[in-house]
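Scroll down for the structure; my scribbles are underneath it.
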Amino acid sequence: MRVPCRIVAEILALLAEKAKPGMTTLALNALAEQEAAKRRAVPAFKGYSGYPYALCCSPNNQVVHGMPNNQVLAEGDILSLDFGVIYGGFYGDAAVTLPVGRIAGHAQRLLQVTEESLHAAIAVTTPDHRLSDISSTVQGYVESRGFSVVREFVGHGIGRSLHESPQIPNFGPPGKGVRLKTGMVFAIEPMINEKKSAVSILDDGWTVITCDGGLSAHFEHTVAVTDQGPDILTKL
Ligand code: MF3
Ligand code: CO
């Protein structure tokens, strides 16, 4: 799994450099496809449940599963990029939310808190914890800082399939669910809203947006449980 995860990390880093004002998300999608092909990796999302693109691009009030299009990125936007590949029969999956040029202070704060909540959750992805410790860590971290957790979409096990059991909500009480064991691999992915947690889906059947129009951020890593602590496979 290190190979697909490293490929995902490399490609997301490349995309992050290109996500500047004037760029379109469709061009980012094309770049993701091209870079995956260069590495002999297969995009994991394209064709998954009929999703038509390699990349999910969710700007501003879009939460997840936004579709690449010809709209031009503007200074002050935030943009969530979610990408996965298959290589050698194994999956890697990761997401980042990027600032496009200079962004407002409240947007910056949302990105920072969401990314920190992911790292707080990764810190408890160890054999002395249970599954829901991941969930409760994200919720505690973000709610105590005034943000809200999306309920309808969750993290997941990952390996020979993109979505394996268990589901990993970003909310709930600690101390429940399976004991974490060395060798387990999880995609941990907080989706965090600036205002209220409620979301809805656009008529395209994919794009998830906040109901109140507030901003939303998404950070995701594929993480292995090891005896030496959590190993972030999608980190460069
Ligand atoms: N990272 C998301 C997930 O883990 C991406 C799925 S998008 C889809 O669920 F297009 F593949 F559905
Ligand atoms: Co995922």
Side-chain angles (χ1 to χ4, degrees), residues 7-36 38 43 45 51-85 93-120 138 141-142 145-150 153 170 189-197 199-200 202 204 206-221 232 234-236:
I7 291 170
V8 167
E10 285 174 2
I11 294 175
L12 278 177
L14 268 170
L15 296 174
E17 283 175 31
K18 301 282 178 190
K20 294 278 149 60
M23 188 71 169
T24 70
T25 50
L26 209 49
L28 292 176
N29 180 74
L31 183 61
E33 293 220 20
Q34 190 188 314
E35 292 294 327
K38 223 193 252 182
F45 303 164
Y51 184 75
Y53 297 97
L55 188 64
C56 296
C57 299
S58 310
N60 300 323
N61 65 320
Q62 295 186 11
V63 179
V64 285
H65 303 168
M67 294 205 260
N69 61 32
N70 271 317
Q71 227 171 286
V72 170
L73 296 174
E75 179 99 17
D77 286 345
I78 62 169
L79 177 66
S80 299
L81 296 179
D82 191 348
F83 187 60
V85 302
D93 185 9
V96 289
T97 303
L98 305 165
V100 178
R102 270 183 70 88
I103 62 172
H106 66 103
Q108 230 162 1
R109 177 87 182 136
L110 173 68
L111 302 200
Q112 186 188 333
V113 168
T114 304
E115 186 169 22
E116 286 172 358
S117 77
L118 171 57
H119 286 283
V138 172
Y141 196 91
V142 308
R145 288 160 179 81
F147 296 117
S148 66
V149 170
V150 171
F153 299 88
N170 294 298
E189 48 179 320
M191 288 148 272
I192 305 302
N193 293 350
E194 177 192 18
K195 298 176 183 167
K196 291 215 167 9
S197 67
V199 300
S200 62
L202 295 185
D204 62 23
W206 283 101
T207 312
V208 180
I209 59 166
T210 60
C211 288
D212 59 16
L215 296 175
S216 187
H218 179 206
F219 283 84
E220 176 178 24
H221 274 306
I232 306 175
T234 45
K235 194 165 107 175
L236 272 188

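The first residue in the sequence is number 1, and the count goes up from there. Values below: all heavy atoms of this structure, side chains included; hydrogens, waters and symmetry mates excluded.
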Validation: residues 77-84 side-chain donor-acceptor distances under 3.5 Å, sequence neighbours left out:
from : atom 1 : to  : atom 2 : distance (Å)
D77  : OD1    : N60 : ND2    : 3.1
D77  : OD2    : A74 : N      : 2.9
S80  : OG     : T97 : OG1    : 2.8

Item checked: Minimum-distance pair of heavy atoms, taken over all atoms of M23 and K18 -> CG-O, 3.4 Å
Notebook entry, point to check: Taking all atoms of both residues into account, what is the closest heavy-atom pair of V142 and S117, and its distance?
Noted result: CG1-CB, 3.5 Å
Next item on the list: Could you tell me the separation between the CG atom of L110 and the NZ atom of K195, rounded to the nearest 0.5 Å?
Entry: 11.5 Å
Notebook entry, point to check: Which distance, rounded to the nearest 0.5 Å, do you find between the NE2 of H218 and the CG of L118?
Noted result: 9.0 Å
Next item on the list: Write down the atom of S58, the atom of G66, and the distance for their closest heavy-atom approach.
Entry: OG-N, 3.0 Å
Next item on the list: Grab the two heavy atoms, one from I11 and one from A32, that are nearest each other, plus how far apart they are.
Entry: CG2-CA, 4.1 Å
Notebook entry, point to check: Distance from L15 atom CG to E10 atom CD, nearest 0.5 Å?
Noted result: 11.5 Å
Note to self: Using the side-chain contact (heavy atoms from CB on, under 4.5 Å) criterion, which residues pair with S148? Sequence neighbours excluded.
What the structure shows: N193, S197
Check: Where do E194 and T210 land on the side-chain contact (heavy atoms from CB on, under 4.5 Å) test, with the steps shown first?
Finding: CA-CA 9 Å; E194 177 192 18; T210 60; over 6 Å; no
Margin query: Between N69 (side chain only) and T25 (backbone N and O only), is there a donor and an acceptor less than 3.5 Å apart?
Written below: no
Check: Nearest 0.5 Å, what's the OH-CH2 distance between Y53 and W206?
Finding: 12.5 Å
Checklist line | Sequence-distant partners of F153, ring pair (Phe, Tyr, Trp, His ring centres under 6.0 Å), two or more places apart | finding: H65
Note to self: Going by salt bridge (charged side-chain N to carboxylate O under 4.0 Å, His left out), name the pairs with one or both residues in residues 20-35, residues two or more places apart or in two chains.
What the structure shows: E33-K46, E35-K38, E35-R39
Notebook entry, point to check: Listed by chain and number, what are the side-chain contact (heavy atoms from CB on, under 4.5 Å) partners of P99, not counting sequence neighbours?
Noted result: I103, L111
Item checked: Atom of A95, atom of L12 and distance for their closest heavy-atom approach -> N-CD1, 4.0 Å
Next item on the list: Starting at CD1 of I192, measure out to CZ of R145 and round the result to the nearest 0.5 Å.
Entry: 11.5 Å
Note to self: So does K196 get a backbone contact from the side chain of D212, meaning a donor-acceptor N/O pair under 3.5 Å?
What the structure shows: yes
Next item on the list: Please list, chain by chain and in numerical order, all residues satisfying side-chain contact (heavy atoms from CB on, under 4.5 Å) with E75, sequence neighbours excluded.
Entry: P21, R102
Next item on the list: Walk me through it: do Q108 and Q112 pass the test side chain to side chain donor-acceptor pair (under 3.5 Å)?
Entry: CA-CA 6 Å; Q108 230 162 1; Q112 186 188 333; over 6 Å; no
Check: What are the two closest heavy atoms between A107 and L215, and how far apart are they?
Finding: CB-CD1, 3.6 Å
Note to self: Evaluate F219 against H119 for side-chain contact (heavy atoms from CB on, under 4.5 Å), listing each step before the verdict.
What the structure shows: CA-CA 10 Å; F219 283 84; H119 286 283; over 6 Å; no
Item checked: E189 and D93, any side-chain heavy atoms less than 4.5 Å apart -> yes
Margin query: Let me confirm one number: the CD-CE distance from E220 to M191, rounded to the nearest 0.5 Å.
Written below: 7.5 Å
